[in-house]
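All heavy atoms count here, side chains included; hydrogens, waters and symmetry mates do not. Computed from a prediction, not measured in an experiment: that's the story for all the values here. Chain identifiers are assigned alphabetically (A, B, ...) following the order of the sequence lines, protein sequences preceding nucleic acid strands; residue numbering begins at 1 within each chain.
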Amino acid sequence: MKSEPSVFSIDDLAKSPKQTTAWDGVRNYQVRNWLRDTIKKGDLAFFYHSSCEVPGIAGVMEVVKEGYPDPTQFDPEDHHYDPGSDSDNPRWYCVDVKFKKKFKRVITIDELRSHKPLAKMQVLQRGNRLSITPVTKAEWDYLLRLG
DNA sequence: GCCAACGTTGGC
DNA sequence: GCCAACGTTGGC
């Protein structure tokens, strides 16, 4: 799951109340479907720092609340406000995530690409524009040993 | 339904 | 700041 650390970093997550935050603001239909239908309580995710000096995986978090309507879509003051979304049939969803651990170092995108077993990770693929992408069990296990 | 224009993402 | 990639929008 990607976030720009200048907006919200893994340290921000660790400092959040209950070390938990709503992963909101997603405005892509494919990712919306995963948030609404696929991602389950107890699922683990990597926290990926994007659009920053050292892009890469910073740590691990856990889904503690399954998909529910993203409140920011109904807030006219919010940057992610969507006037086209109907409260009876919300367009956008979010989940709550909790800090699990921060790696001793960021596992950089270059390092990820340098490991053959990780080369096919969806997040690394050319043209990927999704803010959340699946990780296979093999990739997950391999990566944990790096972090 | 096509597709050009436009906006966003995100590594570099 | 650049630019490739690609999703969205809107005129037709």
Side-chain angles (χ1 to χ4, degrees), chain A residues 1-16 20-39 43-63 65-147:
Chain A
M1 299 172 76
K2 292 184 206 170
S3 179
E4 299 184 23
S6 61
V7 177
F8 190 82
S9 72
I10 194 162
D11 290 330
D12 294 325
L13 179 60
K15 284 183 296 192
S16 295
T20 298
T21 195
W23 203 267
D24 56 20
V26 171
R27 296 295 181 265
N28 170 280
Y29 285 102
Q30 187 173 352
V31 178
R32 185 281 308 270
N33 292 345
W34 288 331
L35 287 168
R36 188 186 56 189
D37 308 327
T38 309
I39 297 174
D43 284 353
L44 299 176
F46 292 122
F47 194 126
Y48 182 94
H49 283 175
S50 66
S51 294
C52 57
E53 200 164 339
V54 188
I57 294 175
V60 177
M61 54 196 176
E62 177 180 350
V63 176
K65 184 176 179 182
E66 285 178 22
Y68 62 96
D70 178 347
T72 65
Q73 71 195 306
F74 302 121
D75 179 1
E77 304 298 312
D78 195 279
H79 178 64
H80 297 289
Y81 177 56
D82 181 355
S85 183
D86 175 359
S87 58
D88 290 332
N89 184 20
R91 186 176 287 171
W92 307 114
Y93 279 70
C94 62
V95 299
D96 286 354
V97 292
K98 180 172 186 174
F99 175 83
K100 288 287 280 187
K101 74 166 170 179
K102 179 183 175 180
F103 292 149
K104 293 187 183 68
R105 62 199 170 85
V106 172
I107 304 173
T108 67
I109 187 170
D110 286 344
E111 183 174 358
L112 294 172
R113 290 203 164 109
S114 74
H115 289 270
K116 242 312 181 27
L118 301 178
K120 290 188 174 166
M121 283 187 75
Q122 200 165 320
V123 71
L124 302 180
Q125 302 313 304
R126 181 182 182 83
N128 171 59
R129 300 174 74 239
L130 303 178
S131 59
I132 300 178
T133 47
V135 179
T136 69
K137 178 80 164 55
E139 289 161 353
W140 181 273
D141 292 343
Y142 188 94
L143 245 157
L144 275 188
R145 293 201 299 274
L146 298 180

What is the distance, to the nearest angstrom, from the [atom1] atom on [X] to the [atom2] atom on [N]?
X	N	atom1	atom2	result
A:D110	B:dG11	CG	C1'	10 Å
A:R27	B:dT9	CZ	C1'	16 Å
A:M121	B:dG11	CE	P	13 Å
A:R129	C:dC3	CZ	P	18 Å
A:L130	C:dG7	CG	P	8 Å
A:N128	C:dA4	CG	P	18 Å
A:Q30	C:dT8	CD	P	10 Å
A:R113	B:dG10	CZ	P	13 Å

Could you tell me which non-hydrogen atom of A:H49 sits nearest to which non-hydrogen atom of A:I10, and how far apart they are? NE2-N, 3.1 Å

I want to verify a distance call: between B:dG10, B:dT9, B:dC12, whose nearest atom is closest to the A:I109 side chain? B:dC12

Considering only heavy side-chain atoms of A:R126, the closest of B:dG10, B:dC12, C:dA4 is C:dA4

Side-chain N or O of A:Y29 closer than 4.0 Å to phosphate OP1/OP2 of C:dC6: no

Could you point out which residue of A:F47, A:W34, A:Y93 forms a ring pair (Phe, Tyr, Trp, His ring centres under 6.0 Å) with A:W23? A:F47

When you check the side-chain N and O atoms of A:E139 and A:T136, is any donor under 3.5 Å from an acceptor? yes

Pair A:D11-A:S9, side-chain hydrogen bond (donor to acceptor under 3.5 Å, both in side chains): steps then yes or no: CA-CA 5 Å; A:D11 290 330; A:S9 72; 4.7 Å; no

